[in-house]
Amino acid sequence: AQSVTQPDIHITVSEGASLELRCNYSYGATPYLFWYVQSPGQGLQLLLKYFSGDTLVQGIKGFEAEFKRSQSSFNLRKPSVHWSDAAEYFCAVGSYGGATNKLIFGTGTLLAVQP
Amino acid sequence: DAGVTQSPTHLIKTRGQQVTLRCSPKSGHDTVSWYQQALGQGPQFIFQYYEEEERQRGNFPDRFSGHQFPNYSSELNVNALLLGDSALYLCASSARGEGYGYTFGSGTRLTVV
């Protein structure tokens, strides 16, 4: 069965420090992979996605992620974190079934940013 | 251009009652998906509608039902509410044929007491 694991429930980084959020997936075929961000009381905003091609994908707000098939990982990175990046981050895999598609999400990583 | 609009934003219901949540998709989108996000969890897929029919369903009981209208808006209905139904309900719209180009609404926070 398809699944997504985000091993870190809560991460705290200092403003200006680098960030890496981990994501591992289980999927039988070539996965479609996503990172979303959710601010308190808000819906989900897409940061970036990987469908095929270059394994390093760039997203909005200075985020990037690298797809590593051998490790079944799709980790999210940012070289310098800003206080406004504090939010919850969700990794997801796209699951195609019949004539529809859906997203399978991990449990999320809550990012806190220290001044 | 309005994105996905959900109403109401917050709702408190009593166990055993029924609730209806509403979603207006982004302009140009014809497909609506509903997700349940319990506290501290990631969103879980409930079902997806297009052409006014339920096309795929997640692992949710029949107490959860939906509807899509000719203008592509959608409703999520939950009957016989349980305390465990307390969650943020997210609506996501997309355009058929555009794969995973979802736009999410801000959600409806349902509290069952």
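Labels below follow one simple rule: chain letters A, B, ... track the order of the sequence lines, proteins then strands, and each chain is numbered from 1.
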Exercise for review: Compute the ring centroids of Tyr102(B) and Phe34(A), then answer whether they are less than 6.0 Å apart.
Suggested key: no
**Study point:** Heavy-atom donor-acceptor pair, Gln114(A) side chain to Thr12(A) backbone, under 3.5 Å
**Key:** no
Practice item. Output the residues of residues 44-60 of chain A for which the shortest heavy-atom distance to chain B is under 4.5 Å, in residue-number order; output 'none' if no such residue exists. Key: Leu44(A), Phe51(A)
Review point. Hey, are Asp85(B) and Lys13(B) close enough for a salt bridge, meaning a charged N less than 4.0 Å from a carboxylate O?
Key: no
Review point. More than 12 heavy atoms of other residues, nucleotides or ligands under 6.0 Å from CZ of Phe47(B): is that the case?
Key: yes
Review point. Does atom CG of Asn59(B) have more than 12 heavy-atom neighbours, drawn from other residues, nucleotides or ligands, at distances under 6.0 Å?
Key: no
Exercise for review: Go through Gly107(B), Ser33(B), Pro43(B), Gly42(B) and name the one with the most non-hydrogen pairs under 4.5 angstrom from chain A.
Suggested key: Pro43(B)
Check your understanding: What part of Gln38(A) gets closer than 4.5 Å to chain B, counting heavy atoms only: side chain, backbone, both or neither?
Key -> side chain
Review point. For the residue pair Phe63(A) and Tyr89(A), does the interplanar ring angle fall in the parallel (under 30°), tilted (30 to 60°) or perpendicular (over 60°) class?
Key: tilted
**Study point:** 4.5 Å side-chain heavy-atom contact, Cys23(A) and Val4(A)
**Key:** yes
**Study point:** Which portion of Gln44(B) sits near chain A, non-hydrogen atoms under 4.5 angstrom
**Key:** neither
